[in-house]
Protein chains: 2
Amino acid sequence: MARLPVYLRALHALQDRGVATVSSEELASAAGVNSAKLRKDLSHLGSYGTRGVGYEVEYLVYQISRELGLTQDWVVAIIGVGNLGRALAGYGGFASRGFRVAGLLDADERIVGQEIAGLTVGHIDRLEDVIGEHGVSIAVIATPAAAAQGVCDRVVAAGVTSVLNFAPVVLSVPEWVDVRKVDLSIELQILAFHEQRKAGGPDGVRGLNGTRAALDRAAREPVQYVEAAE
Amino acid sequence: MARLPVYLRALHALQDRGVATVSSEELASAAGVNSAKLRKDLSHLGSYGTRGVGYEVEYLVYQISRELGLTQDWVVAIIGVGNLGRALAGYGGFASRGFRVAGLLDADERIVGQEIAGLTVGHIDRLEDVIGEHGVSIAVIATPAAAAQGVCDRVVAAGVTSVLNFAPVVLSVPEWVDVRKVDLSIELQILAFHEQRKAGGPDGVRGLNGTRAALDRAAREPVQYVEAAE
DNA sequence: AAGCCTTTGTGAATACGCGCACAAAGTCGC
DNA sequence: GCGACTTTGTGCGCGTATTCACAAAGGCTT
């Protein structure tokens with residue numbers, strides 16, 4: 001279930017506040033979901049609650065961590081060390097949840113050799129070596145769109161079976177490989193869609209908040225869009 | 001629909017290759033979805049296809065752009081200029097799709113005043129001014145978790161009605177405000193979950209690819225997790 | 001110890017999304 | 001101009017997710 005990590009985060013926050021026990025109602029509220037949904041989700045991994053009391057935070061944290069596979073370490077390689085790759089390398093949420101970044105790789109000679117977050121950026125040529133030596137099972141692709149499929153093919157050939165893709169392309173992979181995609185601009189586009197809806201829809205009245213710029217662009221042909229670089 | 005931006009990206013790629021017309025089958029394949037689903041999605045915004053031929057790429061690009069509200073400019077402010085905020089500020093996928101970054105804001109005096117992607121980072125104190133002066137309608141929150149809710153409350157009070165949240169917290173907002181959340185570590189956790197499944201599940205056999213590290217950690221109490229910083 | 005109160009776990013109803021499969025519609029070749 | 005072929009648009013059935021509502025279960029108070 002995709003919601004377990006959210007529950008886990010909420011539970012960690014409760015732990016930090018010293019809360020020992022939590023009801024489904026409270027936890028659901030903290031996680032932003034319906035309480036029945038939360039109880040059903042938790043029941044799928046066993047009955048760890050006590051009726052009349054709630055769930056023991058520490059025990060639940062352990063059970064969810066185990067279910068998600070966070071009780072073991074996962075070895076990650078980040079390919080593409082641009083702005084985004086750098087941000088990912090320094091992201092605290094990885095190391096603290098059992099994800100160990102074993103390699104940073106880039107094709108740009110100016111970036112190779114730089115030290116980032118305690119790691120030296122390696123050359124993309126060493127991709128297969130790094131994957132093999134460290135036992136990388138998850139690859140994070142943060143390259144420009146044009147390079148992503150090629151990199152993906154290589155990491156898959158080297159034995160990686162999970163890919164987190166930040167490049168704005170649809171990767172094609174064998175059926176045994178999992179790909180998850182994070183696309184920064186798609187999220188913004190979805191927000192723009194809802195924002196427009198609030199303002200009356202594509203055919204409705206404009207001029208509300210956020211529409212003071214370029215009211216009449218809709219009447220023109222769209223400009224030539226440039227494919228997003230990294 | 002959350003898939004429209006994906007279609008749009010695929011269409012732009014086709015446009016760049018000079019393709020004038022495309023069938024639902026081809027476009028669906030490029031977007032990584034079922035062709036029937038694609039046709040149903042497109043039919044929801046009107047019938048823009050020609051039976052026996054397909055869809056005219058340019059016309060479809062325009063229609064989807066209009067539906068998504070990309071035929072107008074959206075003014076964005078990025079709050080929190082750490083690694084991630086910097087990456088977002090330099091992300092080409094924003095400007096090319098009608099999203100204009102009007103302000104970069106941070107609370108750290110060492111960051112305020114720096115020039116990033118052609119903009120000077122302002123102090124968070126000027127948040128309300130920046131939102132008002134530029135007509136910001138979408139706020140991107142890339143602050144540490146602890147600061148996110150406070151920043152969110154302020155941007156909402158200042159009139160922003162759409163928030164893109166990169167901080168690892170569940171933001172609470174009035175019902176008229178849209179929030180979308182991008183959580184880098186959650187995506188990895190979901191991958192780890194599937195990866196573990198492939199290796200036999202939490203109770204199954206270990207030792208396959210990616211599990212050569214810390215096989216026995218599951219037997220120990222989980223370590224104290226540190227809440228993710230930015 | 002007994003009853004009340006809180007909270008879980010889950011059956012059942014509902015809503016939703018997905019994909020198949022096909023008829024309608026339009027094009028292209030002859 | 002006509003028929004065969006291609007492709008769209010969509011009705012329908014199915015499986016999954018979501019929510020409601022309540023009975024079972026445990027703790028707490030008296």
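Letters go in sequence order (proteins before strands), and every chain restarts at 1. Since the structure is predicted, the reported quantities are computational estimates derived from the model, not experimental observations. These values consider heavy atoms only, across backbone and side chains, with no hydrogens, waters or symmetry-generated copies.
Look at CZ on B:Arg39: it is 14 Å from P on C:dC22, rounded to the nearest Å. Taking atom CG of B:Asp41 as the reference point, atom C1' of C:dG17 lies 10 Å away to the nearest angstrom. Between B:Leu42 atom CG and D:dG9 atom C1' there is a gap of 11 Å when expressed in whole angstrom units. Note: CD (A:Glu56) to P (C:dT7) measures 17 Å, nearest angstrom. The distance from atom CD of A:Glu25 to atom C1' of C:dG9 is 14 Å, rounded to the nearest whole Å. Atom CG of B:Leu38 is separated from atom C1' of D:dG9 by 12 Å (rounded to the nearest Å). In this structure, the OH atom of A:Tyr55 is 16 Å from the P atom of D:dA25, given to the nearest Å. Atom CG of A:Leu45 and atom C1' of C:dT8 are 14 Å apart (whole Å).
Checked by atom type and distance alone, the side chain of A:Gln196 pairs as donor or acceptor with a backbone atom of B:Glu67 at under 3.5 Å. One N or O on the side chain of B:Gln149 and one on the backbone of B:Ser172 form a donor-acceptor pair closer than 3.5 Å. Not a single donor-acceptor pair under 3.5 Å links the side chain of A:Ser137 to the backbone N or O of A:Val160.
Between B:Arg100 and B:Asp73 no salt bridge is recorded (no basic side-chain N to carboxylate O distance below 4.0 Å).
Evaluation of atom-type donor-acceptor distances gives no pair under 3.5 Å for the side chain of B:Lys37 against the base of C:dG17. Put simply, the side chain of A:Lys40 and the base of C:dT10 share no donor and acceptor less than 3.5 Å apart. No donor-acceptor contact under 3.5 Å links the side chain of B:Arg51 to the base of D:dT7.
With contacts defined as side-chain heavy-atom distances shorter than 4.5 Å, the pair A:Arg86/B:Arg86 does not qualify.
Between B:Asn34 and the phosphate of C:dG17, there is no side-chain N or O to OP1/OP2 separation shorter than 4.0 Å. Of the side-chain N and O atoms in A:Ser24, one or more sit less than 4.0 angstrom from OP1 or OP2 of C:dT8. The shortest distance between the side-chain N/O atoms of B:Tyr48 and the OP1/OP2 oxygens of D:dT7 is not below 4.0 Å.
Ranked by how close their nearest DNA chain C nucleotide is to the 5' end, A:Gly52 and A:Ala36 are led by A:Gly52.
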